[in-house]
Amino acid sequence: MNGIGVSRKDGKGSAFERGIAAVAQYAAREGHLKIPRHHTESVVIDGEEHTVKAGVFLANHKTRRAKLTASKLAALAALGADWATE
């Protein structure tokens, strides 16, 4: 999965892994993380396509950042989410 997270053997990955993959794909294409809340992104993980509500994923994780694990915050910070380093 492009070095972000760990893929599961069932090809689905976790919801967080799918969200990170979607945000990373969007950021690579658009050059920023200003994802509209309604935006969806299609990602392929282990050969299986998933539709992810990337804008909702990012907004929800920003809102809940105080409850996120250090590894999740680090993954978001690595993509450029400045609020994940606060």
Side-chain angles (χ1 to χ4, degrees):
M1 206 173 79
N2 298 333
I4 301 172
V6 178
S7 295
R8 291 178 9 185
K9 291 180 181 177
D10 63 9
K12 293 183 180 178
S14 71
F16 186 79
E17 290 168 353
R18 292 188 304 270
I20 285 292
V23 170
Q25 182 173 287
Y26 181 92
R29 184 182 63 249
E30 302 295 331
H32 62 81
L33 287 180
K34 297 174 186 164
I35 305 174
R37 186 164 175 83
H38 67 275
H39 179 76
T40 59
E41 192 78 20
S42 292
V43 294
V44 177
I45 299 174
D46 294 334
E48 194 172 317
E49 187 172 351
H50 302 275
T51 300
V52 179
K53 295 179 180 178
V56 170
F57 172 85
L58 197 59
N60 286 350
H61 282 79
K62 182 177 180 180
T63 300
R64 299 174 186 147
R65 65 183 169 260
K67 296 179 182 179
L68 296 178
T69 64
S71 62
K72 288 183 178 181
L73 285 169
L76 289 160
L79 294 176
D82 56 349
W83 50 263
T85 60
E86 296 174 354

Under the side-chain contact (heavy atoms from CB on, under 4.5 Å) test, residues paired with [X] that sit two or more places apart:
{"X": "His38", "result": "Pro36"}
{"X": "Ala74", "result": "none"}
{"X": "Gln25", "result": "Arg29, Glu41, Val43"}
{"X": "Ala27", "result": "Leu33"}

Can you name the closest pair of heavy atoms from [X] and [Y] and give their distance?
{"X": "Lys34", "Y": "His32", "answer": "N-ND1, 3.0 Å"}
{"X": "Ala54", "Y": "Ile35", "answer": "C-CG2, 4.1 Å"}
{"X": "Ala84", "Y": "Leu73", "answer": "CB-O, 3.5 Å"}

Q. Hey, quick one: are Leu68 and Leu58 part of the same hydrophobic cluster, counting side-chain heavy atoms closer than 4.5 Å, chains of contacts allowed?
A. yes

(Q) Going by the rule ring-ring contact (aromatic ring centres under 6.0 Å, His included), which residues pair with His61 if we only count those two or more places apart in sequence or in a different chain? (A) Phe16, Phe57

Q: Would you give the length of the straight line joining atom CG of Leu76 to atom CG of Asp82, rounded to the nearest 0.5 angstrom?
A: 11.5 Å

Q. How far does OG of Ser14 sit from CD1 of Ile45, to the nearest 0.5 angstrom?
A. 8.0 Å

Q.
Going by ring-ring contact (aromatic ring centres under 6.0 Å, His included), name the pairs with one or both residues in residues 66-86, residues two or more places apart or in two chains.
A. none

Q: Could you pull out all residues at least two apart from Ser71 that satisfy side chain to side chain donor-acceptor pair (under 3.5 Å)?
A: Thr69

Q: May I ask you to test the Val23-Val52 pair for a side-chain heavy-atom distance under 4.5 Å?
A: no

Q) Which pairs pass salt bridge (Lys or Arg N to Asp or Glu O under 4.0 Å) with one or both residues in residues 68-80, sequence neighbours excluded? A) none

